[in-house]
Visitor: 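Here it is: the structure, laid out below.
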Amino acid sequence: MGKDYREREVIMDSDNRSELNYWPSFVDIFASLFFIFLILFAIYYTSVRKTSEAVQKDIDDLKAITNSLDLVWDNASHRLEIPESLLFDFGKHDIKEQGNTFAKKLGKSLDDYMSKNDRHTRYTIVIEGHTDTMGSPEYNYDLSLKRSLSVIDAITKYSNMPKGKEIELIPAAYGESRLKIKTVQEKRCEDNRRVGIRIMPIFIDTSKKVLK
């Protein structure tokens with residue numbers, strides 16, 4: 001009886017030691033890591049998909065503004081473009097009298113756009129001035145900057161965003177450096193004389209400094 005008891009005790013001690021000294025096999029480690037990877041990938045994929053859907057919604061709504069104002073949408077740069085004739089007289093930077101009606105509509109449309117889904121906390125609006133090649137490059141750059149600032153003044157004037165939720169507007173002057181039409185007629189080409197409106201993520205501080 002005593003001998004059997006001691007044998008059982010030895011066997012139990014041996015089993016316990018085996019359990020305590022157990023090391024997971026390569027297959028166990030791989031399975032655990034793979035399972036963790038699947039969880040992280042699912043989280044990442046869901047996050048990216050939601051972000052992509054939100055960004056696409058922002059772009060679609062901006063396109064809707066373009067259509068409502070009968071403007072041109074540039075698919076390559078994701079910006080809406082305003083022809084010179086809607087806001088300015090040739091060679092001038094002050095918004096003409098007839099252009100104030102359009103500027104008011106533009107300001108209200110951007111207000112509505114930026115107020116939805118807290119876009120004013122996520123985006124800034126870049127107002128780009130572009131010219132043809134009439135005059136010197138220096139003159140055209142100066143004209144494009146003044147036009148950009150005039151549009152910003154108009155948008156601010158007609159904006160109804162509550163205090164603390166104002167739209168952030170950044171002027172950008174390109175002069176004749178980004179022509180849409182490059183032909184022998186580019187000097188007086190109306191397509192080159194335009195104002196672009198582009199939405200950019202507000203956290204890109206370096207781009208703000210460059211564009212200013």
Side-chain angles (χ1 to χ4, degrees), residues 56 58-116 119-120 123-161 167-200 207-208 210-212:
Q56 188 58 52
D58 294 337
I59 293 175
D60 291 341
D61 285 354
L62 194 58
K63 286 182 178 180
I65 292 177
T66 306
N67 294 332
S68 68
L69 296 175
D70 294 325
L71 297 178
V72 177
W73 175 260
D74 189 330
N75 284 312
S77 60
H78 296 299
R79 67 164 61 85
L80 62 88
E81 296 185 342
I82 306 170
E84 173 198 50
S85 58
L86 284 178
L87 294 173
F88 307 103
D89 289 323
F90 181 76
K92 305 295 183 181
H93 67 270
D94 293 321
I95 294 179
K96 59 186 181 181
E97 186 175 349
Q98 302 94 316
N100 284 320
T101 300
F102 175 81
K104 188 173 183 178
K105 291 180 181 178
L106 177 64
K108 186 178 184 308
S109 295
L110 291 176
D111 259 11
D112 293 341
Y113 177 83
M114 296 296 280
S115 63
K116 293 179 180 177
R119 285 179 179 138
H120 69 281
Y123 293 111
T124 186
I125 298 179
V126 181
I127 309 296
E128 304 174 343
H130 300 269
T131 69
D132 56 23
T133 56
M134 288 286 289
S136 67
E138 293 78 13
Y139 170 83
N140 288 329
Y141 173 83
D142 185 61
L143 177 62
S144 66
L145 177 60
K146 289 179 178 178
R147 285 183 168 182
S148 175
L149 293 171
S150 291
V151 174
I152 287 177
D153 288 342
I155 292 174
T156 303
K157 177 181 178 181
Y158 296 117
S159 175
N160 293 314
M161 293 286 280
I167 301 173
E168 185 172 12
L169 301 162
I170 299 177
Y174 292 107
E176 61 185 67
S177 65
R178 296 191 178 184
L179 300 175
K180 288 188 68 175
I181 307 298
K182 296 181 180 181
T183 66
V184 293
Q185 299 176 344
E186 69 186 22
K187 286 190 175 183
R188 296 298 296 266
C189 181
E190 293 182 359
D191 288 340
N192 289 330
R193 302 193 299 271
R194 66 203 190 278
V195 172
I197 295 183
R198 186 155 48 104
I199 307 299
M200 293 182 62
S207 65
K208 296 180 189 177
V210 171
L211 290 170
K212 284 181 179 180

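Quick caveat, the model's predicted, so the values are computed rather than measured.
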Visitor: Are Asp142 and Lys146 close enough for a salt bridge, meaning some N to O gap below 4.0 Å?
Guide: yes

Visitor: Do the side chains of Ile127 and Ile197 get nearer than 4.5 Å, heavy atoms only?
Guide: yes

Visitor: Are any non-hydrogen side-chain atoms of Trp73 and Asn67 less than 4.5 angstrom apart?
Guide: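 No - every pair of side-chain heavy atoms lies 4.5 Å or more apart.
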
Visitor: How many angstroms lie between CG in Asp191 and CD1 in Ile181, if you round to the nearest 0.5 Å?
Guide: 5.0 Å

Visitor: Minimum heavy-atom separation for Glu176 to Gly135, with atom names?
Guide: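 For Glu176 and Gly135, the tightest heavy-atom pair comes out as OE1-O, 4.0 Å.
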
Visitor: What distance separates Arg198 CZ from Thr124 OG1, expressed to the nearest 0.5 Å?
Guide: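 If I round to the nearest 0.5 Å, the distance is 10.5 Å.
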
Visitor: Is a side-chain donor or acceptor of Arg147 paired with a backbone partner of Leu145 at a separation under 3.5 angstrom?
Guide: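 No, because the side chain of Arg147 does not come within donor-acceptor range (under 3.5 Å) of the backbone of Leu145.
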
Visitor: Find out whether Ile95 and Asn100 are in side-chain contact, i.e. whether some heavy atom of one side chain is under 4.5 Å from a heavy atom of the other.
Guide: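 In contact.
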
Visitor: Can you tell me if Thr156 uses its side chain to pair, donor with acceptor, with the backbone of Ile152 under 3.5 Å?
Guide: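 Side chain of Thr156 to backbone of Ile152, a donor-acceptor pair under 3.5 Å: yes, one is there.
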
Visitor: Distance to the ring centre below 6.0 angstrom and angle to the axis at most 45 degrees; does that hold for Arg178 and Tyr174?
Guide: yes

Visitor: Decide yes or no on side chain to side chain contact (heavy atoms under 4.5 Å, CB included) for Ile65 and Asp112, but give the supporting numbers first.
Guide: CA-CA 10 Å; Ile65 292 177; Asp112 293 341; over 6 Å; no

Visitor: Has Asn140 got a side-chain atom pairing as donor or acceptor with Thr131's backbone, closer than 3.5 angstrom?
Guide: no

Visitor: Using modelled atom types only, decide if a donor and an acceptor are shared between the side chain of Tyr113 and the backbone of Asp58 within a distance under 3.5 Å.
Guide: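 Yes; judged by distance alone, with no hydrogens or angles, the pair exists.
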
Visitor: Atom NZ of Lys92 and atom CG of Leu143: how far apart are they, to the nearest 0.5 Å?
Guide: 10.0 Å

Visitor: Distance check, rounded to the nearest 0.5 Å: Tyr139 atom OH versus Met134 atom CE?
Guide: 9.0 Å

Visitor: List the steps and the verdict of side chain to side chain contact (heavy atoms under 4.5 Å, CB included) for Lys96 and Phe88.
Guide: CA-CA 5 Å; Lys96 59 186 181 181; Phe88 307 103; 6.0 Å; no

Visitor: Roughly how far apart are Asp74 CG and His78 NE2, rounded to 0.5 Å?
Guide: 9.0 Å

Visitor: Does the side chain to side chain contact (heavy atoms under 4.5 Å, CB included) test come out yes or no for Lys104 and Lys157, once each step is laid out?
Guide: CA-CA 8 Å; Lys104 188 173 183 178; Lys157 177 181 178 181; over 6 Å; no

Visitor: Under 4.5 Å between any side-chain heavy atoms of Val151 and Ser148, yes or no?
Guide: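 Not touching, per the 4.5 Å side-chain cut-off.
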
Visitor: Rounded to the nearest 0.5 Å, what separates atom CG in Asp94 from atom CG in Leu149?
Guide: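 Interatomic distance, Asp94 CG to Leu149 CG, rounded to 0.5 Å: 11.5 Å.
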
Visitor: Taking the side chain as everything from C-beta on, heavy atoms only, tell me whether Arg193 gets closer than 4.5 Å to His130.
Guide: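 Heavy-atom side-chain distance check fails, nothing below 4.5 Å.
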
Visitor: Could you tell me if the side chain of Ser109 sits less than 4.5 Å from the side chain of Leu69, heavy atoms only?
Guide: yes

Visitor: Verify salt bridge (Lys or Arg N to Asp or Glu O under 4.0 Å) between Glu128 and Arg79, making sure each step is shown before the conclusion.
Guide: CA-CA 10 Å; Glu128 304 174 343; Arg79 67 164 61 85; 2.8 Å; yes

Visitor: Could you tell me whether the side chain of Asp153 reaches within less than 4.5 Å of the side chain of Tyr158, counting heavy atoms only?
Guide: no

Visitor: For Asn192 and Asp132, work out which heavy atoms get closest and say how close.
Guide: CB-CA, 3.9 Å

Visitor: Just wondering, more than 12 heavy atoms not from Glu190 lying within 6.0 Å of its CD?
Guide: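 12 or below, so no.
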
Visitor: For the residue pair Leu106 and Ile82, establish whether any side-chain heavy-atom pair is separated by less than 4.5 Å.
Guide: yes

Visitor: Evaluate Ile125 against Met114 for side chain to side chain contact (heavy atoms under 4.5 Å, CB included), listing each step before the verdict.
Guide: CA-CA 9 Å; Ile125 298 179; Met114 296 296 280; 4.0 Å; yes

